[in-house]
Amino acid sequence: MNGLDRPKKSWIEVPADSDFPIQNLPYGIFRTVSNPNPRACTIVGDQVVDLAVLDELSYFDQLDLPPGIFRQRYLNDFMALGKSKTAAFRNLLMQLLGEGQDELRAQAWHFLHPADKVELLLPVEVGDYTDFYSSMEHATNVGKMFRDPENALLPNWKHIPVGYHGRASSIVVSGTPVRRPKGQMLPPNAEQPVFGPSRLLDFELEMGFVIGQGNELGTSIATDRAEDHIFGLMLFNDWSARDIQKWEYVPLGPFLGKNFASSVSPWIVPLEALEPFRVQGPVQEPEVLPYLKYEGKRNFDIQLEVEIVAESGASAVVSRSNFKYMYWNMCQQLAHHTVNGCNMRTGDICASGTISGPERGSYGSMLEITWRGTQPVQMPDGTERKFLQDGDTVIMRGYAQKGDLRIGFGEVSGKILPAL
Ligand code: CA
């Protein structure tokens, strides 16, 4: 099917400024009060579409999908079918939900659910989680604060998409509360560490990509094949305890300051939906090694924002950034990750690293926004924030826009609970 055949509108009503027009069709896993079995879904406007029921009504029969593929707890088996199958499914779904499907529309009560009446679950069984560090503005800001203002970037940074292996077990879906972590930290000017609740709890504004088909152990994924393995993207909040992190990270990197929680948005936006928003990445100088070279537009213009909502209800948008600022793109990250023969598996998540733009209003963490607490954010209820307080809810949102077309990610939110 070429682009000309694609329906421009759905028979499902889509409110103006919705994140979910028919051109999006993200994937999720949901359940309802009347049917608590998790199953796969997409969303158009404010209506969640039950894919398991559409499958049982035989609307997908022409694709010969494995039986029950949408009636599973996670999307992994569907993602593992590979890009040609999932892209064909997406095209069929777009036709079915496009204008003029009177027969299907007459059956809508079987498979449509108002979005505010469903519970969205973690959509992926995450095998491994890797976090990169690919925003030059973020790496520069952190380097200035923690090391050397004159030589903020370490010598390897422009040669390697720096990353570390995170923890998959603590990845939670939007809406899950996050407990303030406890740990060891070295107070300013102290000689001995103390133990207690983190005082410098922070968010990190990131995007994560999910692996569809992986690669065999011992093989690599080249930059020009990388997108065959990237199923889609989600919003990603990599919660961070700066005081724990600062004391523990030498010499092996992040550990307990990071692995207590990361939150993801419930919708996975397929890479195909982001085609219109490709942009050229920044010029990479010095020249990268051959295995990191790439062709074409591999960055994406996705507007991002972070809002803090206090327990009082007072709220402030503290950052407006953009995914296009990434120095290293996803294809380079995946090529680097696998160049040594490391195997990626279906459901693995790679996160971008904190996405900071060029100025303070676009920084992707409180660490940078308040410059280590020296420039607090004023909240409309008269309080101020250096880092996050108990009762604060952090909400991240993202969308790409071009003319009338808006492809959104919804949001990822999490409320801070006091330490136990
Ligand atoms: Ca991070």
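In each ligand, atom 1 is the first atom listed, and ligand 1 is the first ligand listed.
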Residues Glu125 and Arg73 bridged, charged N to O under 4.0 Å:
no
Salt-bridged, Arg242 to Asp202, with N to O below 4.0 Å?
yes
Arg278 to Phe300 six-membered ring, cation-pi geometry met (6.0 Å, 45°)
no
Do we get Arg180 above Phe260's six-membered ring, with its NZ or CZ under 6.0 Å from the centre and within 45° of the axis?
no
Side chains of Tyr129 and Asp238, donor plus acceptor under 3.5 Å
yes
What count do you get for protein N, O or S atoms closer to the Ca ion (ligand 1) than 3.0 Å?
4
In this structure, are over 12 heavy atoms from other groups packed under 6.0 Å from Glu216 atom CD?
no
